[in-house]
J.: 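Provided herewith is a single structure, encoded as structure tokens, for subsequent inquiry.
We name chains A, B, ... by the order of the sequence lines, and we start the count at 1 in each one.
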Number of protein chains: 2
Amino acid sequence: MIGYRSVILRLSHYRRCLRQFEELGYTRVFSRNLGQAAGVSAAQVRKDFSFFGLSGRRKGGYIIAELLEKINQILKKDRIEKVILVGAGHLGNALIKYKGFEKEGMQIVAAFDADPAKLGKKGEVPVYPMDELFRFVRDYGIRVAILTVPAAVAQDVGERLVSAGIRGILNFSPITLRLPERVIVSYINLAIELEHLLYYVNESQRENR
Amino acid sequence: MIGYRSVILRLSHYRRCLRQFEELGYTRVFSRNLGQAAGVSAAQVRKDFSFFGLSGRRKGGYIIAELLEKINQILKKDRIEKVILVGAGHLGNALIKYKGFEKEGMQIVAAFDADPAKLGKKGEVPVYPMDELFRFVRDYGIRVAILTVPAAVAQDVGERLVSAGIRGILNFSPITLRLPERVIVSYINLAIELEHLLYYVNESQRENR
DNA sequence: CTGTTTTTGTGAAATAAGGTACAATATCGC
DNA sequence: GCGATATTGTACCTTATTTCACAAAAACAG
Ligand SMILES: NC(=O)c1ccc[n+]([C@@H]2O[C@H](COP(=O)([O-])OP(=O)(O)OC[C@H]3O[C@@H](n4cnc5c(N)ncnc54)[C@H](O)[C@@H]3O)[C@@H](O)[C@H]2O)c1
Ligand SMILES: NC(=O)c1ccc[n+]([C@@H]2O[C@H](COP(=O)([O-])OP(=O)(O)OC[C@H]3O[C@@H](n4cnc5c(N)ncnc54)[C@H](O)[C@@H]3O)[C@@H](O)[C@H]2O)c1
């Protein structure tokens with residue numbers, strides 16, 4: 001059997017590109033074009049689709065609407081997923097204000113912060129004190145939280161999230177969380193992403209000398 | 001030969017953890033502890049280090065200062081790297097305000113935006129009109145830019161960055177940039193990261209039923 | 001209707017990444 | 001100084017992921 005994790009990630013990228021194509025009025029797409037748009041090879045696209053039983057027509061390419069329907073099924077994007085955000089600071093605010101999540105079937109429905117000065121409405125999203133976290137998560141059946149608090153308190157807040165019932169955390173603070181295995185944590189470390197890019201820029205410049 | 005890309009990325013993580021340990025007063029570290037802090041296995045740590053000729057002492061672990069020196073050498077972190085940011089909107093602003101980059105040897109020295117209302121100082125970082133981009137990049141020898149403009153103009157702005165001399169771009173807008181091969185582009189797509197996390201949360205819940 | 005072109009679907013090969021196990025060796029307690 | 005113990009360094013194995021290459025099918029042109 002084929003590896004799995006990486007394909008799933010690419011499906012999200014394909015989905016985004018396919019919707020773009022659809023908006024532009026296209027109804028069919030070739031593996032080569034989709035690959036280019038998503039930043040992968042054509043063979044990769046075909047193999048990924050074949051893995052999930054998505055088929056096109058030789059010489060005719062794939063039908064976008066079909067692909068999208070099947071991908072949405074695989075990724076279980078049948079409804080808007082409600083998530084919360086904890087830490088309504090600089091980064092948290094940017095995320096709260098971002099309109100792009102809803103287009104992708106996700107919505108930040110509330111934020112939480114320990115600082116009373118941060119409470120109130122941020123655009124459309126209410127910011128509640130931390131006390132409310134537990135009840136909110138339970139009442140609305142929230143499963144996923146975005147964590148944008150300072151590193152020093154991230155472990156602590158992470159634990160509170162878990163005890164409130166959160167099952168998945170998108171963590172922006174630059175530390176590794178120690179949480180029960182059942183909780184799924186994704187990390188986005190922007191400093192390291194930048195550092196990594198810098199490394200390859202240095203590298204490529206050394207090559208060309 | 002061992003894979004390469006992934007090791008380099010992990011070095012950055014090790015570096016961050018080692019500095020944390022150092023701050024806490026430790027001078028030595030075991031592969032197991034470092035692995036735990038960085039979120040990888042102990043064997044992985046040892047293998048990575050051995051690949052770069054970093055050695056410890058059997059039973060005595062690794063000396064943190066030594067590791068850091070060598071890692072800094074490998075990652076060429078011998079000076080503060082100056083980068084610029086284009087698109088001083090919600091997300092751009094959060095990044096501009098972030099103090100954490102400097103601690104990691106990187107600095108956003110200026111931002112650029114097409115909207116006159118955004119110009120001026122954002123904290124310590126000046127925001128210039130787009131006209132100034134070319135000159136600034138040339139005069140200060142800037143090599144890397146963070147791109148936080150709306151998706152609709154990202155390709156366009158990306159091209160301008162390249163023609164100004166930029167060699168690496170950290171792109172937050174949800175599109176694949178078509179740029180000359182010599183330019184290195186890293187992508188951070190927050191919506192897809194969140195979607196991906198949601199997928200695995202769904203998955204794990206289905207398993208436990 | 002036939003030959004040509006294009007594009008899919010996939011087996012096989014290549015590459016990358018990660019895990020296991022254990023010998024080698026340093027340290028420690030006594 | 002010596003046996004017990006802990007930890008590294010690495011050879012080997014397993015799995016995951018990607019690329020290559022090409023036959024098969026569909027579409028098209030004439
Ligand atoms: N801003 C960025 O661009 C950026 C870049 C990389 C990483 N990060 C990371 O993201 C996180 C947030 O960064 P930021 O710049 O938004 O910081 P920030 O200080 O602006 O925001 C942090 C927010 O968390 C709140 N908070 C503090 N303690 C809390 C607690 N115990 N419970 C709930 N809320 C609490 C604060 O009130 C504040 O509103 C940090 O971990 C930072 O390292 C941020
Ligand atoms: N805000 C988020 O949390 C978030 C999340 C995911 C992705 N993104 C992506 O990041 C990018 C920025 O998002 P944002 O929320 O900060 O948007 P924003 O609208 O707040 O900021 C965009 C900024 O770019 C500037 N700009 C527009 N056209 C420009 C041009 N041609 N040249 C230079 N500057 C120009 C605008 O004046 C504005 O200041 C978008 O591509 C968005 O899809 C943002």
J.: Please determine, for the side chain of B:Ser31, which listed nucleotide (D:dT19, D:dT8, C:dG18) has the closest atom?
T.: D:dT8
J.: Show every donor-acceptor pair shorter than 3.5 Å between a side-chain atom in residues 22-44 of chain A and any protein atom, with sequence neighbours excluded, or say none if there are none.
T.:
unit_1	atom_1	unit_2	atom_2	d
A:Arg28	NH1	A:Gly60	O	3.4
A:Ser31	OG	A:Arg46	NH1	3.2
A:Ser41	OG	A:Gln44	N	3.1

J.: Starting at atom CG of B:Leu54, determine the distance to atom P of D:dG9, rounded to an integer number of angstrom.
T.: 9 Å
J.: Below 30° counts as parallel, above 60° as perpendicular, anything between as tilted: where do the rings of A:Phe49 and A:Tyr14 land?
T.: perpendicular
J.: Relative to the 5' end of DNA chain D, which residue comes earlier, A:Gln44 or B:Ser55, by the nucleotide with the nearest heavy atom?
T.: B:Ser55
J.: Indicate, yes or no, whether a donor-acceptor pair under 3.5 Å links the base of D:dT17 to the side chain of A:Lys47.
T.: no
J.: Within less than 4.0 Å of OP1 or OP2 of C:dA24, is there a side-chain N or O belonging to B:Arg46?
T.: no
J.: Out of the candidates B:Arg15, B:Arg16, B:Arg19, only one should pair with B:Glu104 under the side chain to side chain donor-acceptor pair (under 3.5 Å) rule; please name it.
T.: B:Arg15
J.: Sort me out a list of protein N/O and nucleotides 26-30 of chain C N/O pairs below 3.5 Å, or just none if empty.
T.:
unit_1	atom_1	unit_2	atom_2	d
C:dA26	O4'	B:Arg58	O	3.3
C:dT27	OP1	B:Arg57	NH1	3.1
C:dT27	O2	B:Lys59	NZ	3.1

J.: Quick one: which of D:dC20, C:dG9, C:dT8 gets closest to the side chain of A:Phe30?
T.: C:dT8
J.: Indicate whether any N or O donor in one side chain lies under 3.5 Å from an N or O acceptor in the other, for B:Glu193 and A:Ser186.
T.: no
J.: Begin with the C-alpha distance, continue with both residues' side-chain angles, and end with the deciding distance and a verdict on side chain to side chain donor-acceptor pair (under 3.5 Å) for A:Gln155 and A:Glu159.
T.: CA-CA 6 Å; A:Gln155 174 65 34; A:Glu159 285 167 18; 2.6 Å; yes
J.: Name the nucleic acid region contacted by A:Tyr62, choosing base, sugar-phosphate or nothing; use a 4.0 angstrom heavy-atom cut-off, strictly under.
T.: sugar-phosphate
J.: Examine C:dG18: is either OP1 or OP2 under 4.0 Å from a nitrogen or oxygen in the side chain of B:Ser41? Give yes or no.
T.: no
J.: Is the charged tip of B:Arg135 near the ring of B:Tyr128: under 6.0 Å from the six-membered ring centre and within 45° of its axis?
T.: no
